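Shown next, in structure tokens, is the structure this report addresses.
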Amino acid sequence: MTDLSRRKLIITGLAATAGISGLGVAARIAQRYGLVPPDHGGIYGLGETLTYASQRLLTRHSLAREFHPSQISKPPLANEIPPLNDAFKRLQAGGFADWQLSVNGMVDRPAAFSLAQLKSYRSRSQITQLACEEGWSYIAEWIGVPLSQVLDVVGIHPQARYVVYFSIDPTWWESIDMADALHPQTFLAYGMNGDELPVGNGGPLRMRLPRQLGYKSVKYITNLTVTDSLKGFGKGLGSASPEAGYAWYAGI
Amino acid sequence: MISHPRFYWGETGNVLTTPLFKLPIPSSRALVPTGYGYVLPDQNGWSRYLHFQAAWVVVLTGLLYIISALFTGHLRKNLLPGKADLSLRAFSTAIANHLRFERPSEAEAWSYNVLQRLTYLFVIFVLFPLVIWTGLAMSPAFVSALPAAVTVLGGQQSARTIHFFVSLALLLFLLVHVVMVCLAGFRSRIRAMITGRAGTHMERL
């Protein structure tokens with residue numbers, strides 16, 4: 001056995017110090033360029049940060065795969081939905097005529113949009129896959145207005161970094177960074193397969209985010225809040241998902 | 001897997017479509033028809049965090065291993081089988097010895113035989129790359145940048161099915177590997193793995 005020489009010890013010590021300070025610098029840079037997810041704390045934080053950072057660098061502008069109309073899943077799957085609350089049922093009884101999407105936070109002109117107003121903007125459609133973290137998936141045509149268009153109407157502040165979105169059930173909320181919020185395939189969807197969006201699939205209005213797993217595509221959206229920090233929302237982990245043990249970033 | 005113990009081929013698959021096969025286990029989701037009258041508790045959150053953390057460990061240590069194996073000659077000296085080993089005769093002798101559970105001779109015991117070498121090469125250069133690739137092919141964000149990663153596999157659900165079988169193969173390798181380590185002498189083998197000095201032990205004898 002060779003003895004651990006003094007020289008080896010000094011070199012190892014220096015390398016370890018350099019490594020640790022290198023990591024510190026990397027963390028600073030990552031924070032500055034928005035490469036650190038809000039749920040970066042805890043024992044799984046490192047893996048989560050590596051995933052988010054590398055995918056942000058790789059996929060900032062890439063488009064989710066779109067499919068041919070013949071590939072649309074028939075019949076469309078309507079997943080389990082949580083019990084709908086009284087507020088939802090009242091609006092449903094009125095044919096969703098009074099459904100409102102309020103937009104506030106770091107915007108020049110906070111506003112509330114009716115469904116009719118949202119539908120008055122030029123509608124877009126995409127045939128994309130919805131993949132659930134559980135393992136199943138389906139393909140559907142989603143019709144709606146790109147989130148970026150609504151954000152244009154209200155005018156977001158330049159320091160905005162995240163869009164937080166809430167379901168009519170206030171315990172169900174998510175958030176995305178601006179790369180996803182301004183992405184052309186991020187929709188506020190109100191239609192599916194050439195028809196109205198069924199309640200089972202999130203009607204009358206759901207978020208649609210084809211580059212992340214299904215749980216980020218929250219159903220029954222009533223509020224958007226534009227912000228530069230997620231600290232003030234819930235436990236500050238970014239959304240309800242990390243509070244329930246699931247990752248905030250779900251591009252996997 | 002437990003939240004959806006059904007496997008498919010192609011792009012999509014869900015409870016409304018016909019699976020390629022089902023695992024005969026209960027599920028952690030009520031919507032999945034399993035034939036069991038109960039639903040398991042949901043453990044997906046932390047296990048997904050752990051899975052992706054472990055994936056980074058595999059990728060980073062794997063890269064380090066492959067680079068060092070190339071530069072130190074480990075790959076050439078210890079893993080690539082010698083020309084003589086690849087003759088039909090040598091190969092069949094190795095298989096026959098293995099099947100007869102014959103103990104290796106003193107000289108052979110400190111290097112890998114041809115079956116080991118081929119297995120390790122297969123695990124390092126086929127199974128691990130395949131499990132990483134099929135994993136990435138299930139990521140909607142990753143395939144938005146590199147769609148071919150999933151289309152050449154036949155679709156997202158095909159990637160999931162292949163991922164499942166490759167993970168099973170890796171698990172099987174791990175189990176057999178640990179059993180063989182125990183059979184070959186647990187203490188000396190573990191010492192050799194940690195110190196990287198297989199020879200010293202023999203020299204002292």
Side-chain angles (χ1 to χ4, degrees), chain A residues 1 39 42-52 54-67 71-80 128-140 180 183 185 209-214 241-247 249-252, chain B residues 1-8 10-17 19 27-32 42-57 59-60 135-151 155-157 159-161 163-164 195 197 200 204:
Chain A
M1 276 275 191
D39 56 345
I43 50 169
Y44 301 127
L46 188 60
E48 222 26 54
T49 305
L50 283 171
T51 303
Y52 178 56
S54 55
Q55 294 202 0
R56 242 326 134 253
L57 294 172
L58 185 70
T59 70
R60 188 166 293 273
H61 300 293
S62 60
L63 292 175
R65 291 188 304 146
E66 299 208 9
F67 297 88
Q71 289 174 285
I72 291 174
S73 304
K74 289 171 219 109
L77 183 83
N79 189 33
E80 228 171 347
T128 51
Q129 190 171 55
L130 187 145
C132 178
E133 62 86 21
E134 294 170 6
W136 51 264
S137 57
Y138 67 93
I139 291 172
D180 269 328
H183 189 268
Q185 288 170 315
L209 206 65
R211 297 194 307 171
Q212 293 203 41
L213 293 177
S241 293
E243 294 180 12
Y246 284 83
Y249 179 69
I252 58 167
Chain B
M1 186 181 82
I2 293 172
S3 60
H4 200 81
R6 296 156 60 95
F7 289 84
Y8 311 89
E11 277 298 350
T12 59
N14 55 62
V15 289
L16 301 179
T17 62
S27 172
S28 59
R29 296 293 188 277
L31 221 64
V32 182
D42 173 27
Q43 305 291 339
N44 276 17
W46 69 269
S47 46
R48 293 182 68 86
Y49 270 122
L50 179 64
H51 184 109
F52 297 119
Q53 178 109 316
W56 277 107
V57 173
V59 168
L60 297 177
L136 287 170
M138 282 186 274
S139 155
F142 182 83
V143 300
S144 71
L146 204 70
V150 63
T151 47
Q156 198 240 15
Q157 291 293 339
R160 180 172 179 256
T161 302
H163 195 71
F164 171 72
T195 63
R197 287 164 206 274
T200 41
R204 283 210 196 124

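Note that the coordinates shown come from a computational prediction; the quantities given were computed from them, not determined experimentally. Here is the naming used below: chain letters follow the sequence lines, and residue numbers restart at 1 for every chain.
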Counting heavy-atom pairs closer than 4.5 Å to chain A, which one of [options] comes out on top?
| options | answer |
| --- | --- |
| B:Leu136, B:Leu50, B:Val143, B:Val32 | B:Leu50 |
| B:Tyr8, B:Phe7, B:Trp56, B:Phe52 | B:Trp56 |
| B:Met1, B:Gln157, B:Arg48 | B:Arg48 |
| B:Thr17, B:Leu31, B:Asn44 | B:Asn44 |

Quiz item: Can you say whether B:Val150 sits under 4.5 Å from chain A via the side chain, the backbone, both, or neither, judging by heavy atoms?
Solution: side chain
Practice problem: Using non-hydrogen atoms and a 4.5 Å limit, figure out which bit of B:Ile2 sits close to chain A: side chain, backbone, both or neither. | Solution: neither
Ignoring hydrogens and geometry, is there a side-chain-to-backbone donor-acceptor pair from [X] to [Y] under 3.5 Å?
| X | Y | value |
| --- | --- | --- |
| B:Ser139 | A:Gly251 | yes |
| A:Arg65 | B:Thr151 | no |
| A:Gln129 | B:Glu11 | yes |
| B:Ser144 | A:Ala64 | no |
| B:Gln53 | A:Gly47 | yes |

Quiz prompt | B:Ala141 versus A:Gln55, closest heavy-atom pair with distance | solution = CB-OE1, 3.1 Å
Quiz item: Are any of the side-chain heavy atoms of A:Ile43 and B:Trp46 separated by less than 4.5 Å?
Solution: no
Quiz prompt | Student check: side-chain heavy atoms of B:Arg29 and A:Asn79 closer than 4.5 Å | solution = no
Examine whether an atom of [X] lies under 4.5 Å from a heavy atom of chain B, and if so say whether it belongs to the side chain, the backbone or both; otherwise answer neither.
| X | result |
| --- | --- |
| A:Glu133 | both |
| A:Ser54 | side chain |
| A:Gln212 | backbone |
| A:Pro210 | backbone |
| A:Ser73 | side chain |

Quiz item: How long is the gap from OG on A:Ser137 to CE on B:Met138, to the nearest 0.5 Å?
Solution: 11.0 Å
Quiz item: At what distance, to the nearest 0.5 angstrom, does OH of B:Tyr49 lie from OG1 of A:Thr51?
Solution: 10.5 Å
Quiz item: Can you name the side chain to side chain contact (heavy atoms under 4.5 Å, CB included) partners of A:Leu77, sequence neighbours left out?
Solution: A:Trp136, A:Tyr138, B:Asn14, B:Val15, B:Leu16
Self-check item: Step-by-step side chain to side chain contact (heavy atoms under 4.5 Å, CB included) determination, B:Thr12 to A:Gln71
Solution: CA-CA 9 Å; B:Thr12 59; A:Gln71 289 174 285; over 6 Å; no
Quiz prompt | Which of A:Leu63, A:Leu50, A:Ile139, A:Thr59 touches chain B most, by non-hydrogen pairs under 4.5 Å | solution = A:Leu50
